[in-house]
Each structure stands twice: as C-alpha cells, then as structure tokens.
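What follows is one structure encoded as structure tokens, with my remarks underneath.
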Amino acid sequence: MDTESHRKELLRKLSRNLMVSVPVMTVVAMAGMSAVSENGLGLIPSAEAAQGEAEGEAKGEAEGEAKGEAEGEAEGEGEAEGEGEAEGEAEGTSEAMKEAVRRPAGYEPYDGDAESLAKKGEALFSDTSLSANGLSCAMCHTGGNLYKDTFANEYPHFVAMGKSDFGMDKVHLDEMVQICMVAPMAAEPLDWDSEELAALTEYMRIEQDTFQKR
Ligand code: HEC
C-alpha cells in the first residue's frame, strides 16, 4: 500500500473509532506507527507541505523546495532505526522543518504556574485537534507506550528520532514536544512562547517522572 492510501485508511479507521475506548484507539495509533516505520516518515509529507505554506506566507520563501523535499522523503528508505542511516534520513527532512523544532534564539518559554500548566498539558495530551492526522499524543503514549529508554535521561539528551530525522545530537524536552508535533502528529510546531507548549512540556515532566519509576 502506498503512503497516501495507507494514511487515508488510517484516517477512516480513526474517524470510525473516535467514540470508542482508549485501548482500541491505541491499537489504531499503533497502526499509524507502522505506517511511519514502513515508509520512513510516511506521515511527514503533509506536515512538510503545511510548513512550506506557513514559511511561504511568513517570509515569502520558496515553498516548492519544501514540497520537493517532502516527496523525496516519502520515497525514502524503510527503517527509521540504526545509526548507520542517520545521515541519509537527516537529509530528507527540510531545513525549515529542522529549524522549526529547535529552540529559537532568545527563546523565553511562557511563564506560568507549574500546577495549572500541568493540568492544561494533561488535557492537551489527549486533544486530537492538535494534530493534522486525527492522532493525539495519548493515542501513542498512554501507559508509557512507544517511549524509548532515553526518555528516562535528564534533558537535553540523545533521542533516536531527533537524530535520524532532524539531525539533532541532543534535544530539550520542549524540542521533543515539537518533534512529535511535526513528525508523528503531522502538524505545525506550537508557538515557542505559547501556553500550550509550556503546558505540554510541563505535563511531559510528569510523564517522565512516571516513566523513570516504571
Ligand atoms: C504516532 C505516534 C506518536 C504520537 C502521536 C506522539 N508521539 Fe511522542 N514519540 C513517538 C515515538 C515513536 C517516540 C520514540 C522516539 C525515539 O526515541 O526515537 C516518541 C517519543 C516521545 C518523547 C520522549 C523522547 C525521549 O526519549 O526523550 C516525548 C517526550 C514525546 N514523544 C512527546 C510527545 C507529545 C507531547 C506528543 C503529542 C504532541 C507525542 N509525543 C505524540 C511517537 C508518537
């Protein structure tokens, strides 16, 4: 099955199942992940296109380049794992996309009360409207799903997806939120100074705490 029909099938399943329980949703989300691993970052092209548009509007930059690279990515190799192919994969993600998940210069996160941020973050974690493909963070990560052992390490740290798809040696926690926003969620990154990003980041600290104690 090609990437596009695989995605359509996934979206059909998702919309059919939106009312059902979390375990079923998780299974559907896992199907989504297999789309990711079978096709390289199969879910990225739409995010790339969206990003291209955003960049084009914002800075009048060439949108065609981002789209062209997105197509190259879709034809790319299968496995996302393994140090060996990290270089090749990194070339597949557009420069705009790599830039978008890195902390900007002079970055000042939204400053809020940790407890209320965590609460908002918990709600956002299950919010499918954050993504462009019907997924929520929770569909992949409920019960500590899909996190690798690196999640237990103090940030910033090495994350396989950060290296292979974005060429980053180390990622901060808020950068990891942005990576999952643009890659598996196929969405645009959150505004760096937004309450949403601060909230999700704060909630992920609690997730990390739970993960460390597992
Ligand atoms: C389609 C499934 C999927 C969705 C949806 C998803 N993620 Fe992830 N996430 C992954 C995978 C796969 C990894 C493991 C990446 C790695 O270690 O290379 C991961 C890893 C992570 C990590 C830990 C990285 C580390 O080792 O330090 C964090 C934090 C995270 N995701 C946050 C989020 C947030 C926040 C959202 C929602 C905005 C989200 N994820 C949505 C698949 C997903």
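Counting starts at 1 for both ligands and their atoms, in listed order.
Among Gln208, His141, Glu207, Glu154, the residue whose heavy atom lies nearest to atom 8 (Fe) of ligand 1 is His141. When Ser164, Cys140, Ala152, Ala160 are ranked by how near their heavy atoms come to atom 5 (C) of ligand 1, first place goes to Cys140. Nearest to atom 22 (C) of ligand 1 by heavy atom, out of Lys148, Gln178, Met176, Lys163, is Met176.
With a 4.0 Å cut-off on non-hydrogen atoms, Thr150 touches ligand 1 through its backbone as well as its side chain. Only the side chain of Tyr147 comes within 4.0 Å of ligand 1, judged by heavy-atom distances.
Checked by distance only, ligand 1 and Met161 come closer than 3.5 Å through their nitrogen or oxygen atoms.
Within the 4.0 Å heavy-atom shell around ligand 1 one does not find Leu130. For Ser136, the heavy-atom gap to ligand 1 drops under 4.0 angstrom.
Listed by atom number, the atoms of ligand 1 under 4.0 Å from Tyr155 heavy atoms are 23 (C), 24 (C), 25 (C), 27 (O), 29 (C). For ligand 1, the atoms sitting less than 4.0 Å from at least one non-hydrogen atom of His157 are 25 (C), 26 (O), 27 (O), numbered in the order shown with element in parentheses. Within ligand 1, counting atoms from 1 as listed, the ones closer than 4.0 Å to a heavy atom of Pro184 are 1 (C), 2 (C), 3 (C), 4 (C), 6 (C), 7 (N), 43 (C).
Using a cut-off of 4.0 Å between Lys/Arg side-chain N and Asp/Glu carboxylate O, Arg102 and Glu175 are scored as not salt-bridged. Between Glu122 and Lys119 there is no salt bridge, since no side-chain nitrogen of the basic residue lies less than 4.0 Å from a carboxylate oxygen of the acidic one. A salt bridge links Lys213 with Asp209; the closest basic N to acidic carboxylate O contact falls under 4.0 Å.
Thr93 places a side-chain N or O within 3.5 Å of a backbone atom of Asp165 that can act as its donor or acceptor partner. When atom types are taken as modelled, the side chain of Asn133 and the backbone of Pro184 share a donor-acceptor pair closer than 3.5 angstrom.
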